[in-house]
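The structure under discussion appears below in the form of structure tokens.
The structure presented is a predicted model; accordingly, all values stated were derived computationally and were not measured.
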Amino acid sequence: MVITKKILDELTAKAKENPRLRQSLDLRNSADDQSQRMLNALEPGTVLPIHRHKGTSETCICIRGHFEEYFYDDKGNLTDTIDMVPGGVVLNIEKGQWHSLKCLESGTVLFEAKDGAYQPFSPNDIMEL
């Protein structure tokens, strides 16, 4: 698959229509693929709670647009902010690290990769402040 501007634009259009203001595109070879590779289109105002992944690290790359990734300690204190833009850093979030993000520009698309099959968040993996 070649990911073209048309694919990114279609994904962004779906994110704008989605009440959650985000939409993902699964890049795995099949449902049996034991990895997570996806594009996530985000719109300003989407809400992503502070969360962690106990079983995997997470790699993020900004394909287009602009977002900030936030890191927190176990008490909910903000410890770092990473500015994510195309051509910027490749972010590898360590297993168990509390994090969230804020979309700063309409049309933002990021690439995410994690180990293992998709696991929904458990209540212990979402931080309530």
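In this structure, CG on Leu27 lies 12.0 Å from CD on Gln36, to the nearest 0.5 angstrom. Taken to the nearest 0.5 Å, the CZ atom of Phe67 stands 12.5 Å off from the OG1 atom of Thr46. Here the straight-line distance linking atom CZ of Phe71 with atom CG of Asn77 works out to 15.5 Å at 0.5 Å rounding. Rounding to the nearest 0.5 Å places CZ of Arg37 at 13.5 Å from OG of Ser24. Taken from OG in Ser100 to CD1 in Ile126, the straight-line distance is 12.0 Å, to the nearest 0.5 Å. Note that the CG atom of Asn40 and the CG atom of Leu25 stand 9.0 Å from one another [nearest 0.5 Å].
Residue pairs that meet the ring pair (Phe, Tyr, Trp, His ring centres under 6.0 Å) test with at least one member in residues 9-57, sequence neighbours left out, are His51-His53, His51-His99, His51-Phe121, His53-His99, His53-Phe121. Legend: side chain to side chain donor-acceptor pair (under 3.5 Å) pairs involving residues 85-96, not counting sequence neighbours, sorted by first then second residue: Thr59-Asn92. The stretch residues 8-50 participates, sequence neighbours left out, in no ring pair (Phe, Tyr, Trp, His ring centres under 6.0 Å) pair at all.
Partners of Glu58 by salt bridge (charged side-chain N to carboxylate O under 4.0 Å, His left out), not counting sequence neighbours: none found. For Gln97, the side-chain hydrogen bond (donor to acceptor under 3.5 Å, both in side chains) criterion is met by no residue, not counting sequence neighbours. Applying the side-chain hydrogen bond (donor to acceptor under 3.5 Å, both in side chains) test to Lys5 and every residue at least two apart in sequence or in another chain returns Asp9. By the side-chain hydrogen bond (donor to acceptor under 3.5 Å, both in side chains) test, Glu68 pairs with Tyr70, sequence neighbours left out. A search for side-chain hydrogen bond (donor to acceptor under 3.5 Å, both in side chains) contacts involving Thr81 returns nothing, not counting sequence neighbours. For Pro44, the side chain to side chain contact (heavy atoms under 4.5 Å, CB included) criterion is met by Cys103, Ser106, not counting sequence neighbours.
The hydrophobic clustering, which links ILVMFWY residues whose side-chain heavy atoms are closer than 4.5 Å, places Val109 and Val89 apart. Criterion: ILVMFWY side-chain heavy atoms under 4.5 Å apart, direct or through other members. Under it, Val90 and Leu39 are part of a common hydrophobic cluster. When the side chains of ILVMFWY residues are joined at heavy-atom separations under 4.5 Å, either directly or via intervening members, Leu110 and Ile82 end up in a single hydrophobic cluster. Linking Ile, Leu, Val, Met, Phe, Trp and Tyr residues whenever their side-chain heavy atoms come within less than 4.5 Å places Ile93 and Leu101 in a single cluster. Hydrophobic clustering (side-chain heavy atoms under 4.5 Å, transitive across Ile, Leu, Val, Met, Phe, Trp, Tyr) keeps Val2 apart from Phe111.
With hydrogens and angles ignored, the 3.5 Å screen pairs a side-chain donor or acceptor of Thr56 with a backbone N or O of Asp115. Of the possible polar contacts, one joining the Arg52 side chain to the Asn124 backbone as a donor-acceptor pair under 3.5 Å is found.
Residue Met38 is found outside any hydrophobic cluster, as its side-chain heavy atoms come under 4.5 Å of no other Ile, Leu, Val, Met, Phe, Trp or Tyr. Grouping Ile, Leu, Val, Met, Phe, Trp and Tyr residues whose side-chain heavy atoms lie under 4.5 Å apart, directly or via other members, leaves Leu104 alone, with no other cluster members.
Among all heavy-atom pairs drawn from Glu112 and Cys60, the shortest one is CG-SG, 4.1 Å. Taking both residues in full, the closest heavy atoms of Leu91 and Glu69 are given as CD2-CG, 3.5 Å, listed atom of the first, atom of the second, then distance. Shown here for Thr108 and Glu43, the closest heavy-atom pair between the two residues is N-OE2, 4.5 Å.
The environment of Lys75 atom NZ is sparse: at most 12 non-hydrogen atoms of other residues, nucleotides or ligands sit within 6.0 angstrom.
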Would you list the atom pairs, donor with acceptor, under 3.5 Å between side chains in residues 13-21 and any protein atom, with sequence neighbours excluded?
from, atom 1, to, atom 2, distance (Å)
Asn18, OD1, Arg20, N, 2.8
Asn18, ND2, Arg22, O, 2.9
Asn18, ND2, Gln23, OE1, 3.3

